[in-house]
Amino acid sequence: MHSSIPTFLYGTAWKEDRTPALTELAIRAGFRALDTANQRRHYFEEGVGQGLAAAYRAGLVTRDDLFLQTKFTYQRGQDRRLPYDPNAALSVQVAQSMASSLDHLGTDHVESYILHGPSSNYDWTEDDAEVWEAMRRERDAGRTRLLGVSNVSLLHLQQMAASRAEHPAFVQNRCYARLGWDRNVRQFCREHKIVYQGFSLLTANQEVLRHPLIARIATAAKMTPAQIIFSFARAVGMLPLTGTSNGEHMKQDLASHDIPLPTEAIQTVESIAG
Ligand SMILES: NC(=O)c1ccc[n+]([C@@H]2O[C@H](COP(=O)([O-])OP(=O)(O)OC[C@H]3O[C@@H](n4cnc5c(N)ncnc54)[C@H](OP(=O)(O)O)[C@@H]3O)[C@@H](O)[C@H]2O)c1
């Protein structure tokens with residue numbers, strides 16, 4: 001089992017028929033950690049598995065080189081293509097969804113299993129507690145190494161903690177610069193040793209990407225504005241995701257890891273957020 005925490009996640013959402021080829025291309029470019037979900041509406045998880053199989057066949061990597069992350073998605077986040085029996089108990093749905101994910105990905109375990117979103121936008125509910133318990137059982141049975149939650153507010157995390165639920169290893173959230181880059185949730189994560197995974201770092205923050213101060217920092221650092229955002233994300237402790245479909249961007253995104261930003265530049269990016 002892959003035993004470390006990755007430094008970059010390649011996201012496989014919205015790639016439909018191109019999922020197998022882009023998964024293989026991402027591995028060729030150097031990504032070793034992949035994010036998917038058993039939610040056919042936005043992800044083609046089986047296609048990720050096909051891309052992995054192609055990468056193994058080509059001798060690019062073995063299963064042990066990879067960090068695979070997938071998700072359990074409630075019915076309200078799905079279309080009609082469900083990976084479980086919607087009439088079964090939630091704990092059974094989790095087990096069925098995980099079995100289907102492992103089948104799609106051609107493996108007997110993943111590195112990380114994420115609750116795609118709580119059942120309510122406001123509270124950590126009893127349904128969430130049941131699902132989280134079922135996910136813990138999957139972990140204890142060796143089908144995932146780590147557990148996480150996604151699309152959560154600070155209140156969700158506080159309520160989860162108050163219910164004495166085990167802390168997640170990961171929080172995966174859309175990261176808006178205008179919310180201080182999800183400052184409150186990131187602070188909770190820091191205090192509880194949870195790794196914060198940030199997505200939509202570029203798409204949700206177009207105004208930052210186009211900001212003249214970012215252009216200036218990018219020129220000085222010989223980086224692109226997108227690389228500045230990823231480099232900033234890492235500097236403030238995030239594990240970033242990218243879902244690029246472009247081979248050059250894949251390389252640039254990965255390269256941002258090797259170009260640290262000066263402290264002053266990090267503060268500037270944070271201040272643009274307000
Ligand atoms: N938990 C959840 O609910 C949730 C929700 C959304 C996403 N996710 C995960 O996060 C992953 C990433 O999603 P995302 O919303 O961050 O991004 P995304 O939708 O995949 O979009 C990234 C955008 O940034 C561009 N881009 C990437 N690198 C670039 C570069 N170096 N220079 C210029 N443009 C660049 C891409 O264009 P090109 O393709 O042209 O490079 C693309 O338009 C998803 O695939 C999924 O795995 C999770």
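Indexing begins at 1, ligand by ligand and atom by atom, following the structure's order. Predicted model only: the values in this text are computed from it and were never measured. Only heavy atoms go into these numbers, but all of them, side chains included; no hydrogens, no water, no symmetry mates.
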Of all protein heavy atoms, the one nearest atom 21 (O) of ligand 1 is T203 CG2, 3.6 Å
Looking only at protein heavy atoms, what sits closest to atom 1 (N) of ligand 1 is Q172 OE1, 2.7 Å
Of all protein heavy atoms, the one nearest atom 4 (C) of ligand 1 is F199 CZ, 3.4 Å
The protein heavy atom nearest to atom 36 (C) of ligand 1 is T244 CA, 4.3 Å
Out of S200, S256, G198, A204, the nearest non-hydrogen contact to atom 15 (O) of ligand 1 is supplied by S200
Shortest non-hydrogen pair, N246 vs H249, comes out as OD1-N, 2.9 Å
Within 4.0 Å of some non-hydrogen atom of N246, the atoms of ligand 1 are 41 (O)
| request: Check whether any N or O atom of K15, backbone or side chain, sits under 3.5 Å from an N or O atom of ligand 1, and answer yes or no. | output: no
Ranking H42, R174, H249, Q69 by closest non-hydrogen atom to atom 30 (C) of ligand 1, top hit is H249
Can a protein heavy atom be found under 4.0 Å away from atom 48 (C) of ligand 1? yes
closest protein heavy atom to atom 46 (C) of ligand 1 is Y43 OH, 3.3 Å
Between the NE2 atom in H116 and the CD atom in Q78, the distance rounded to the nearest 0.5 Å is 9.0 Å
re atom 13 (O) of ligand 1, the protein heavy-atom contact at minimum distance is W14 CZ3, 3.9 Å
